Peer 1: 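Below is one structure. I have some questions about it.
As the structure is a computational prediction, the values presented were derived from the model and not from experiment.
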Amino acid sequence: MEKLSRAFYDRDTLQVARDLLGKHLVRVLPDGAELVCRITETEGYIGRMDKACHAYNYRRTARTETLFAPPGTAYIYLIYGMYHCLNFVTEPENEPCAVLIRGGQARGNGEFLARNRYGKTLDQLSAYQRKQFLNGPGKLCKALQLTRAENGCSLLGDTLFVCDRLEDIGLTTPAEDLRPFSILAGPRVGIDYAQEAVDFPWRYLMGP
């Protein structure tokens, strides 16, 4: 099985954030079920100079400890006491940097993803629910059953990882995923407290 290697994550955070677009995120449940989505939106966070990063200026706490882990580690935290956010640790160990996975498209076991998000089957979803399916980090984690229990797990293992093509996990890559796309960049979301970092164009989305 071809998974993204540690070397992929051990690079400039913003380059990793861009390169993750279009890749496939795979979550393997204890019963062997594979939940798959295509990554469509990311944000970069660089602790050494980014006031929006939890570990800005190398702030090391129980919460931020995972950000100092080796590249290719999952950093999952809880916001507003109810939503989980999935991040991939980047750059060398002890450089607190990460990429937030902000959005995706269902690609494998969509029925399971829909039940996790809405308690409904795919054909029961309204047009609005389909549009809102995985377009946010909390929505993505809910659909993939990711919580703080998975914080610190390696993205090089067998339970949570990223691959280029769905064929790598025995599925067929749809034609849509094979088309070239542009990358749109802009300011990140929900970081009004971060002073000058509010304007950093470190949010990346797949474009036409």
Peer 1: Search all heavy atoms of Leu171 against all heavy atoms of Gly108 and return the closest pair with its distance.
Peer 2: CD1-CA, 4.4 Å

Peer 1: If we check side chain to side chain contact (heavy atoms under 4.5 Å, CB included) with Phe161, which of these qualifies: Leu156, Val28, Leu25?
Peer 2: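 Option passing the side chain to side chain contact (heavy atoms under 4.5 Å, CB included) with Phe161: Val28.
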
Peer 1: Between Leu166 and Thr172, does the side chain to side chain contact (heavy atoms under 4.5 Å, CB included) criterion hold? Intermediate values first, please.
Peer 2: CA-CA 6 Å; Leu166 292 179; Thr172 300; over 6 Å; no

Peer 1: State the CG-CZ distance between Leu78 and Arg148, to the nearest 0.5 angstrom.
Peer 2: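 Taking CG in Leu78 and CZ in Arg148, the distance rounds to 8.0 Å.
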
Peer 1: Before accepting this row, confirm whether a basic side-chain N of the pair Arg188/Glu43 lies closer than 4.0 Å to the acidic partner's carboxylate O.
Peer 2: no

Peer 1: With the 4.5 Å side-chain cut-off for hydrophobic clustering, are Ile79 and Met82 part of the same group?
Peer 2: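 In one cluster with Ile79: Met82, yes.
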
Peer 1: Identify the heavy atoms of Gly44 and Asp50 that sit nearest to each other, and give their distance.
Peer 2: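 That closest heavy-atom pairing would be O-OD2, 4.1 Å.
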
Peer 1: Could you tell me whether the side chain of Leu144 reaches within less than 4.5 Å of the side chain of Leu140, counting heavy atoms only?
Peer 2: yes

Peer 1: Relative to Phe8, does Arg11 satisfy both conditions: NZ or CZ under 6.0 angstrom from the six-membered ring centre, and within 45 degrees of the ring's axis?
Peer 2: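 Yes - Arg11 lies over the ring of Phe8, closer than 6.0 Å to its centre and within 45° of its axis.
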
Peer 1: Treating Arg115 as the side-chain partner and Phe112 as the backbone partner, does any N or O pair qualify as donor plus acceptor under 3.5 Å?
Peer 2: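 It does not hold such a pair.
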
Peer 1: Can you confirm whether Asp10 sits close enough to Thr90 that some side-chain heavy atom of one is under 4.5 Å from a side-chain heavy atom of the other?
Peer 2: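 Asp10 does not reach Thr90 side chain to side chain.
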
Peer 1: Is there side-chain contact between Arg165 and His24, with at least one heavy-atom pair below 4.5 Å?
Peer 2: no

Peer 1: OG/Ser182 to CG/Leu205 distance, rounded to the nearest 0.5 angstrom?
Peer 2: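 Here the interatomic distance stands at 10.0 Å.
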
Peer 1: Looking at every heavy atom in both Gly207 and Phe181, which two are closest together, and how far apart are they?
Peer 2: O-CB, 3.4 Å

Peer 1: Is Ile39 close to Ile101 at the side-chain level, that is, under 4.5 Å between some pair of heavy atoms?
Peer 2: yes

Peer 1: What's the verdict on side chain to side chain contact (heavy atoms under 4.5 Å, CB included) for Phe68 and Glu93, showing C-alpha distance, side-chain angles and the deciding distance?
Peer 2: CA-CA 6 Å; Phe68 295 85; Glu93 187 173 358; over 6 Å; no

Peer 1: Can you name the nearest heavy-atom pair linking Cys97 to Thr13, along with the distance?
Peer 2: CB-OG1, 3.1 Å

Peer 1: Between Arg107 and Asp177, is there a side-chain heavy-atom distance shorter than 4.5 Å?
Peer 2: yes

Peer 1: Quick check for you: to the nearest 0.5 Å, what is the distance between Ile191 atom CD1 and Cys53 atom SG?
Peer 2: 10.5 Å

Peer 1: Sequence neighbours left out, what pairs pass side-chain hydrogen bond (donor to acceptor under 3.5 Å, both in side chains) with at least one residue falling in residues 73-85?
Peer 2: His54-Tyr75

Peer 1: Side-chain heavy atoms nearer than 4.5 Å, only ILVMFWY residues, links allowed to pass through others: does that put Met49 and Tyr58 together?
Peer 2: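 No: no chain of side-chain contacts under 4.5 Å links Met49 to Tyr58.
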
Peer 1: Within a strict 4.5 Å, meaning less than it, do heavy atoms of the Cys85 and Asn87 side chains meet?
Peer 2: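 Touching, per the 4.5 Å side-chain cut-off.
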
Peer 1: Tyr9 and Phe88: which non-hydrogen atoms are nearest, and at how many Å?
Peer 2: CE2-CD1, 3.9 Å

Peer 1: Do you see a donor-acceptor pair shorter than 3.5 Å between the side chains of Thr173 and Glu167?
Peer 2: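 Side-chain D/A pair, Thr173 to Glu167: present.
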
Peer 1: Does the Arg203 side chain pair with the main chain of Val189, one donor and one acceptor, at a distance under 3.5 Å?
Peer 2: no

Peer 1: Between atom CG of Asn116 and atom SG of Cys141, what is the distance when rounded to the nearest 0.5 Å?
Peer 2: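 Rounded to the nearest 0.5 Å, the CG-SG separation comes out at 11.5 Å.
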
Peer 1: Treating Gln129 as the side-chain partner and Ser126 as the backbone partner, does any N or O pair qualify as donor plus acceptor under 3.5 Å?
Peer 2: yes

Peer 1: Between side-chain atoms of residues 193-202 and protein atoms elsewhere (two or more places apart, or another chain), which donor-acceptor pairs fall under 3.5 Å?
Peer 2:
from, atom 1, to, atom 2, distance (Å)
Tyr193, OH, Ala52, O, 3.3
Gln195, OE1, Lys51, NZ, 2.6
Glu196, OE1, Lys51, NZ, 3.3

Peer 1: Holding to salt bridge (charged side-chain N to carboxylate O under 4.0 Å, His left out), I want the full list of residues that pass it with Arg27, two or more places apart in sequence or in another chain.
Peer 2: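 Testing Arg27 for salt bridge (charged side-chain N to carboxylate O under 4.0 Å, His left out), a comparison that skips the adjacent residues, returns Glu150.
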
Peer 1: Enter the distance from Thr40:OG1 to Leu134:CG here, rounded to the nearest 0.5 Å.
Peer 2: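 One gets 8.0 Å once the value is rounded to the nearest 0.5 Å.
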
Peer 1: Which distance, rounded to the nearest 0.5 Å, do you find between the OH of Tyr45 and the OH of Tyr56?
Peer 2: 15.5 Å

Peer 1: Given the rule in the side chain to side chain contact (heavy atoms under 4.5 Å, CB included) test, do Asn151 and Glu65 qualify, once you have shown the distances and angles that lead to the verdict?
Peer 2: CA-CA 10 Å; Asn151 179 53; Glu65 189 64 31; over 6 Å; no

Peer 1: State, with a plain yes or no, whether a side-chain heavy atom of Ile76 is found less than 4.5 Å away from one of Thr147.
Peer 2: no

Peer 1: Tell me the closest heavy-atom pair linking Val89 and Leu67, and the distance in Å.
Peer 2: CG1-O, 3.7 Å

Peer 1: Quick one: does any side-chain atom of Glu111 pair with a main-chain N or O of Leu122 as donor and acceptor, under 3.5 Å?
Peer 2: yes

Peer 1: Is Leu86 linked to Leu4 within one hydrophobic cluster, defined over Ile, Leu, Val, Met, Phe, Trp and Tyr using a side-chain heavy-atom separation of less than 4.5 Å?
Peer 2: yes

Peer 1: How would you list, by chain and number, every residue that makes a salt bridge (charged side-chain N to carboxylate O under 4.0 Å, His left out) with Lys142, sequence neighbours excluded?
Peer 2: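 Listed in chain order: nothing, the list is empty.
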
Peer 1: Between Asp168 and Lys3 (salt bridge meaning N to carboxylate O under 4.0 Å), is one present in this structure?
Peer 2: no

Peer 1: Going only through I, L, V, M, F, W and Y residues with side-chain contacts under 4.5 Å, is there a path from Leu100 to Leu184?
Peer 2: no

Peer 1: Return yes if a side-chain donor-acceptor contact under 3.5 Å exists between Asn135 and Lys131, otherwise no.
Peer 2: no

Peer 1: Return each pair, listed once, that meets salt bridge (charged side-chain N to carboxylate O under 4.0 Å, His left out) where at least one residue sits in residues 66-90; pairs must be two or more places apart or across chains.
Peer 2: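 For residues 66-90: none.
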
Peer 1: What residues, two or more places apart in sequence or in another chain, satisfy salt bridge (charged side-chain N to carboxylate O under 4.0 Å, His left out) together with Arg48?
Peer 2: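 Once residues adjacent in sequence are excluded, the partners of Arg48 under the salt bridge (charged side-chain N to carboxylate O under 4.0 Å, His left out) criterion are Glu91, Glu95.
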
Peer 1: With a 4.5 Å limit on heavy-atom distance, are the side chains of Val26 and Val162 in contact?
Peer 2: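 Counting from C-beta outward, Val26 and Val162 never come under 4.5 Å.
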
